[in-house]
Protein chains: 2
Amino acid sequence: MKNNIRVLRAERKLTQGELADAIGVSRQTINAIEKGKFDPSLPTAFRLAGVFEKRIEEIFEYHEEG
Amino acid sequence: MKNNIRVLRAERKLTQGELADAIGVSRQTINAIEKGKFDPSLPTAFRLAGVFEKRIEEIFEYHEEG
DNA sequence: TAGAAATGTCAAGTCTTATTTACATTTTAT
DNA sequence: ATAAAATGTAAATAAGACTTGACATTTCTA
């Protein structure tokens with residue numbers, strides 16, 4: 001799964017720490033998600049979509065795994 | 001978080017087992033999600049949206065917790 | 001160009017989500 | 001009414017999301 005959080009965050013001039021605070025996770029979690037280390041939970045994805053005023057599908061691009 | 005998987009599944013005349021097979025999880029996982037026992041992972045939510053040809057936001061309704 | 005801010009990363013641990021197995025109950029169809 | 005299909009539920013375990021803390025590197029900015 002890919003995402004464009006880094007771009008959206010830059011557009012809004014937010015640091016990883018500020019975005020983390022805004023959605024209630026740690027800065028390292030934002031970093032890990034941006035770097036594709038793991039996918040967020042569904043609630044966290046919803047909160048990200050809320051901050052960016054985007055649909056989840058506009059932030060995350062799902063590809064079949066395997 | 002609420003969801004209308006049960007309704008969407010009924011509209012398409014799918015059993016929990018058939019839906020489970022379609023997205024690659026166990027039947028019990030579908031049952032648990034329908035009953036609100038937990039939220040699916042983001043990849044699982046995407047697969048559900050794919051089967052139902054809906055956006056994630058059309059299937060799941062997020063409410064702040066706390 | 002030096003200090004501060006931001007980012008990258010790693011390890012260890014916690015908590016939540018997902019799976020399996022197994023069995024009970026309910027619904028559907030004959 | 002009976003058999004078969006579907007659903008409900010629960011315990012044990014595995015897998016993944018997330019935290020904290022620590023330290024290194026990169027990028028801003030005064």
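Just so it is clear: chains get the letters A, B, ... in the order the sequence lines come, proteins before strands, and each one is counted from 1. Not measured: the values here are computed from a predicted model.
- Atoms CG and OG1, on A/Leu42 and B/Thr44 in that order, are 9.5 Å from each other to the nearest 0.5 Å.
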Sequence neighbours excluded and cut-off under 3.5 Å, please list the side-chain donor-acceptor pairs for residues 8-15 of chain A, or say none.
| from | atom 1 | to | atom 2 | distance (Å) |
| --- | --- | --- | --- | --- |
| A/Arg9 | NE | A/Glu34 | OE2 | 2.5 |
| A/Arg9 | NH1 | A/Leu14 | O | 2.8 |
| A/Arg9 | NH2 | A/Glu34 | OE1 | 3.3 |
| A/Arg9 | NH2 | A/Glu34 | OE2 | 3.3 |
| A/Arg12 | NH1 | A/Leu8 | O | 3.4 |
| A/Arg12 | NH2 | A/Phe52 | O | 3.1 |
| A/Thr15 | OG1 | A/Gly17 | N | 3.4 |
| A/Thr15 | OG1 | A/Glu18 | N | 3.0 |

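- In this structure, B/Asn31 contributes its side chain and B/Ser26 its backbone to no donor-acceptor pair below 3.5 Å.
- Screening residues 4-45 of chain A for ring-ring contact (aromatic ring centres under 6.0 Å, His included), with sequence neighbours left out, gives no hits.
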#### Entry: Stepwise side chain to side chain contact (heavy atoms under 4.5 Å, CB included) check, A/Leu48 with A/Phe60
CA-CA 10 Å; A/Leu48 282 166; A/Phe60 297 91; 4.0 Å; yes

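- Partners of A/Asp39 according to the side-chain hydrogen bond (donor to acceptor under 3.5 Å, both in side chains) rule, which considers only residues two or more places apart in sequence or in another chain, do not exist here.
- In this model, the phosphate group of C/dA6 is not approached by any side-chain N or O of A/Arg6 to a distance below 4.0 Å at OP1 or OP2.
- In this structure, CZ of A/Phe60 is placed 11 Å from P of D/dA17, rounded to the nearest angstrom.
- Of all heavy-atom pairs between B/Arg47 and B/Ile23, the closest is NH1-O, 3.0 Å.
- Contact detail for B/Ile59 and B/Ala49: the closest heavy-atom pair is CD1-CA, 3.5 Å.
- In this structure, the helix from C/dT1-D/dA30 to C/dT30-D/dA1 shows an angle of 60° between the axis at its start and the axis at its end, each fitted on 5 base pairs and rounded to 10°.
- Not a single side-chain hydrogen bond (donor to acceptor under 3.5 Å, both in side chains) links B/Asn3 to another residue, sequence neighbours left out.
- Phosphate contact (OP1/OP2 of C/dG8, side-chain N/O of A/Asn31, threshold under 4.0 Å): present.
- As a whole-Å value, the separation of B/Glu34 CD from D/dT9 C1' is 14 Å.
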## Note on the structure
A correct 5'-to-3' footprint of nucleotides 21-30 of chain D, with B, S and - meaning base, sugar-phosphate only and no protein heavy atom under 4.0 Å, is BB--------

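- Using a distance-only test at 3.5 Å, with no hydrogens or angles considered, no donor-acceptor pair links the side chain of A/Arg27 to the main chain of A/Gln16.
- The line from CG of B/Leu19 to CZ of B/Arg6 is 11.0 Å long, rounded to the nearest 0.5 Å.
- Pairing each heavy atom of B/Pro40 with each of B/Ile33, the nearest pair is CB-CD1, 3.6 Å.
- The stretch residues 7-24 of chain B touches DNA chain D through B/Arg9, B/Thr15, B/Gln16, each having a heavy atom within less than 4.0 Å of the strand.
- The side-chain contact (heavy atoms from CB on, under 4.5 Å) check on A/Glu57 picks up A/Arg55, B/Phe46, B/Arg55, B/Ile56, B/Glu57, with sequence neighbours excluded.
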Nucleotide N/O of nucleotides 14-18 of chain C paired with protein N/O under 3.5 Å:
| from | atom 1 | to | atom 2 | distance (Å) |
| --- | --- | --- | --- | --- |
| C/dT17 | O3' | B/Asp39 | O | 3.4 |
| C/dA18 | OP1 | B/Ser41 | N | 2.0 |
| C/dA18 | OP1 | B/Ser41 | OG | 3.4 |
| C/dA18 | OP2 | B/Asp39 | O | 2.6 |

